[in-house]
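Bear in mind that the values here come from a model prediction, so they are computed numbers and not experimental data.
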Amino acid sequence: MSEITSESRICGLCLAPDSFGLIKRETYDRKYSLHLPAKDHGVIIWDLDQSILLASAEQGCYFCDLLHQLSQHPCSGERQTTKFSVRIGTDPALSVHFWWARLDDRKSIVQIYRPFGHKEAWTGLQEARPVSHHSGSVQSFEFVRKCLRNCIEAHEECRRSYSDFHPKRLLDVGSEKFSSLKLIDDQFLAAPYLALSHCWGDHQPLTTTSQTLEQRKYSIEWSSLPPVFRDAVTVTRELGVQYLWIDCLCILQDSVRDWEEQASQMGQIYSNSYVTILAASSPSSLVPFLTSRETIVCEGVNLRFGKDHYVGVRKIGGTDHRDQRLHYRGWAFQEEILSTRIIRFTRKEVKWECQALSSCECGAHPLYDTKKAENLQRTNSNIQQHWLNLVEQYSRRSLTFSFDKLPAVAGIAAAAHQKFGYRYLAGLWEETLLRDLAWRSKAASTPETPRDISQRLPTFSWVSVDEKIDYKSSLMYCSTHEKDAIVRSTSIELTGANPFGQVEGGSVILEAPVVEVNLRYHLVEREPIDGRRKWFVKTCDCYIDDSPDELQNVQSDTLLCHDSFTDTNGVTIFSAQRANRDAISQNFECKVRLLSLCHVSWKARTLLVLSIPKPPDGSCERLGLMFYYDPGKIKHDWFTNAQVLLTTII
């Protein structure tokens, strides 16, 4: 801003230093700097009146003048009154959130930026570029190539991420627009390749099988490729790369052996790809991602700021929910986490991510250190904590087949193992097992369906439940409490050769204090949803015989049902088990066991809730997790007469 000498250029109505501290005078160069608040936090100004704002603007306040212009522009949303409220923040860049009624949830988000090629209106205002109307335009590809060049030349951490690994098969896309395509079956081919991360959708039009492999190696017709594959080939050619990896073309879809071999290498395939293409805007292979944009981010206008400057403004929105389908795909989780470089094609613009930086096509979002660099590049203690964070994120993803739960995260597990060398136990680690056992399912009070017991997954692991997993609450206890349990033995039964892949069983043996208590369970059936029966857990409490009023809530792992069996003495035992589709008990009381993992006092413990041991091997099934902490209710130490036992959990 040139020659601003009067303090009247800012005022107490909008952004004066004494009231909001957002604009400060830089006396040494007679400029004004915008002092932005922290990300996701902003200055909120309630109930601005347009007439008062206009009067302030006429008195010479540049920012009031800008806010008044914004309030008159369609980008600020539909005007309901003469008053509005705003939040001025930095997400994305500098933005103003307009509410035309203070309690109205609807808002318009307007981004303020320096138009490309213009002088900055104030110090630090981010420059933005226009975004083309097509994601496959020359401009969009030039943005990608520029990001790639910068990464190759400047990012040492990205260059370190690659090894000599190459996939067994690759798609040769040729170098010309109409070149023929074919599969290359040569894992010793030392050439860069791109990898595609995409949603299959309900039907995959083109795959490779044992019967079609030789034909694919000879030629693949362009017309046979679904739109997403064509677009991926186009991107590969535009970046000057000859090879592309697509899962359903490069893995034999009718060969269990080939699938297991390739699935075990999935982490290496994506971590060593030159660039990974994320087709975020395509819900299936039939919907292209190189297409005309419905919502143009860039179509803004320039508004006056002072006498000699202009700022650009444009209405933007949050993340398009239609770009989220790939985000919730289970297999795509490790594809994204492990990839060194990513080109993300969304409906609004193209985004770049690598180990060092992230950026977007419009340029209004400043370059920032990407969280991807934190994944597997930290010290042992941090990476162990990061694993638990990844488990929480991964549990929110969906998989078509439940038996893919471990293979779909095997690449991340292998990378973590390579980092700190611990033994993997179906989603947990032997060396940190007591902490890793303290996972909590979020199914305890939500409508659920019974589990599918066709997969013999160990109940001590979070992979045995199809629910969102939470570690935060339990780790608050486990990180500070004294350990009660000792790990005596662990075992995992693998279905194949991959130590991070599918399992068909397992067990852990803990030596720990154990007490037998009563479980009271009440299940309420809800209206069917999509033709499937649903239930709601109304009550799941434990109490001891001597104190039936001292109820403690149990966080059940999934739906439970009544179970009975005869012990070795011929006595009928009534306990509980995880429910399957053929066994639902809506109301019951029974005996269960509590195993103490850790404690800080007799009134504060973290406990595993287990079924009563069954003959012939005396093993238990995990039923849930319990936080034994309520000084106001607990008058007796439940573990006064606890026995220290060897307990086998399967």
Legend entry - Evaluation steps, side-chain contact (heavy atoms from CB on, under 4.5 Å), between Cys540 and Leu519: CA-CA 7 Å; Cys540 188; Leu519 176 72; 3.9 Å; yes

Inset, instruction - Give me the ring orientation class for Trp200 and His198: parallel if the planes are under 30° apart, tilted from 30 to 60°, perpendicular past 60°. - result: parallel

Inset, instruction - List the steps and the verdict of side-chain contact (heavy atoms from CB on, under 4.5 Å) for Phe588 and Phe574. - result: CA-CA 10 Å; Phe588 64 89; Phe574 297 97; over 6 Å; no

Legend entry - Residue pair Met266 / Ile251, side-chain heavy-atom distance below 4.5 Å: yes

Inset, instruction - Measure the shortest side-chain to side-chain distance between Glu504 and Glu493 over non-hydrogen atoms and say whether it is less than 4.5 angstrom. - result: yes

Legend entry - Backbone N/O of Gln393 and side chain of Arg397: donor-acceptor pair under 3.5 Å: no

Legend entry - Any Ser441 side-chain heavy atom under 4.5 Å of Thr558 side chain: no

Legend entry - Any residue meeting salt bridge (charged side-chain N to carboxylate O under 4.0 Å, His left out) with Asp545, in chain and number order, not counting sequence neighbours: Lys591

Inset, instruction - Might you point out which heavy atoms bring Pro458 and Val503 nearest each other, and give the distance in Å? - result: CD-CG2, 3.8 Å

Inset, instruction - Report the distance from atom CD1 of Ile342 to atom OG of Ser197, rounding to the nearest 0.5 Å. - result: 8.0 Å

Legend entry - Worked check of side-chain contact (heavy atoms from CB on, under 4.5 Å) between Ile544 and Val515: CA-CA 9 Å; Ile544 58 176; Val515 296; 5.9 Å; no

Inset, instruction - Might you work through the side chain to side chain donor-acceptor pair (under 3.5 Å) test for Ser596 and Asp484, ending with a clear yes or no? - result: CA-CA 6 Å; Ser596 183; Asp484 291 331; 2.5 Å; yes

Inset, instruction - Decide whether Ser619 and Asp617 meet the rule of one side-chain donor and one side-chain acceptor closer than 3.5 Å. - result: yes

Legend entry - Ser395 (side chain) donor-acceptor with Ile469 (main chain) under 3.5 angstrom: yes

Legend entry - Heavy-atom closest contact (Arg435 atom, Tyr471 atom, distance): O-CE2, 3.8 Å

Legend entry - Residue pair Leu434 / Ala485: nearest heavy atoms and the distance that separates them: CD1-O, 3.1 Å

Inset, instruction - Decide side-chain contact (heavy atoms from CB on, under 4.5 Å) for Phe627 and Asn553; before the verdict, give the C-alpha distance in whole Å, the side-chain angles of both, and the deciding distance to 0.1 Å. - result: CA-CA 8 Å; Phe627 300 122; Asn553 179 253; over 6 Å; no

Inset, instruction - Kindly indicate whether the side chain of His386, heavy atoms from C-beta on, has any atom under 4.5 Å from the side chain of Lys419. - result: no

Inset, instruction - Tell me yes or no: between the side chains of Ser464 and Thr459, is some donor less than 3.5 Å from an acceptor? - result: no

Legend entry - Residue pair Cys620 / Pro613, side-chain heavy-atom distance below 4.5 Å: yes

Inset, instruction - Verify, without hydrogens or angle tests, whether Asp567 (side chain) and Val571 (backbone) share a donor-acceptor contact under 3.5 angstrom. - result: yes

Inset, instruction - Give me the one residue out of Arg520, Glu589, Gln552 that meets side chain to side chain donor-acceptor pair (under 3.5 Å) with Tyr543. - result: Glu589

Legend entry - Heavy-atom neighbours of Phe165 CZ exceed 12 at 6.0 Å: yes

Legend entry - Main-chain N/O of Gln577 paired with Asp563 side-chain donor or acceptor, under 3.5 Å: no

Inset, instruction - Using a strict 4.0 Å threshold on nitrogen-to-oxygen distance, state whether Arg344 and Glu336 make a salt bridge. - result: yes

Inset, instruction - Could you tell me whether the side chains of Arg423 and Thr490 share a donor-acceptor contact shorter than 3.5 Å? - result: yes

Inset, instruction - Using a 4.5 Å cut-off on heavy atoms from C-beta on, say whether the side chain of Tyr270 contacts that of Ile337. - result: no

Legend entry - All ring pair (Phe, Tyr, Trp, His ring centres under 6.0 Å) counterparts of Tyr394, not counting sequence neighbours: Phe333

Legend entry - Minimum heavy-atom distance between Thr648 and Ser507, given as atom pair plus value: CG2-CB, 4.1 Å

Inset, instruction - Examine the side chains of Thr647 and Arg593 and answer whether a donor and an acceptor come within less than 3.5 Å of each other. - result: no

Legend entry - Minimal non-hydrogen separation, Ala263 against Trp331, with atom names: CB-CH2, 4.5 Å

Legend entry - Main-chain N/O of Val465 paired with Lys405 side-chain donor or acceptor, under 3.5 Å: yes

Legend entry - Nearest-0.5 Å distance that lies between atom OG1 in Thr606 and atom CG in Leu597: 7.0 Å

Legend entry - Non-hydrogen side-chain atoms of Arg578 and Arg622 separated by less than 4.5 Å: yes

Legend entry - Side-chain donor/acceptor of Thr640 to backbone N/O of Asp637, under 3.5 Å: yes

Inset, instruction - Give, for atom CD of Glu516 and atom CG of Leu610, the distance between the pair rounded to the nearest 0.5 Å. - result: 11.5 Å

Inset, instruction - Anything under 30° is parallel, anything over 60° is perpendicular, the rest tilted; go ahead and classify Trp387 against Tyr424. - result: perpendicular

Inset, instruction - To the nearest 0.5 Å, tell me how far Leu623 CG sits from Cys590 SG. - result: 8.0 Å

Legend entry - Non-neighbouring partners of Ser273 that pass side-chain hydrogen bond (donor to acceptor under 3.5 Å, both in side chains), sequence neighbours left out: Thr276

Inset, instruction - For Thr207 and Gln253, test the side chains for any donor-to-acceptor distance below 3.5 angstrom and give the result as yes or no. - result: no

Inset, instruction - Indicate yes or no for a side-chain donor-acceptor contact from His417 to the backbone of Tyr422 under 3.5 Å, with no hydrogens or angles considered. - result: yes

Legend entry - Heavy-atom side-chain contact between Gln643 and Val514 under 4.5 Å: no

Legend entry - Interatomic spacing from CZ in Phe565 to OG1 in Thr572 - rounded to 0.5 Å: 9.5 Å

Inset, instruction - Mind listing the closest non-hydrogen atom pair of Pro407 and Trp259 along with its distance? - result: CB-CH2, 3.9 Å

Inset, instruction - Take the angle between the ring planes of Trp429 and Phe500 and call it parallel below 30°, perpendicular above 60°, tilted in between. - result: tilted

Legend entry - Interatomic distance, Asp541 atom CG to His522 atom NE2 [nearest 0.5 angstrom]: 12.0 Å

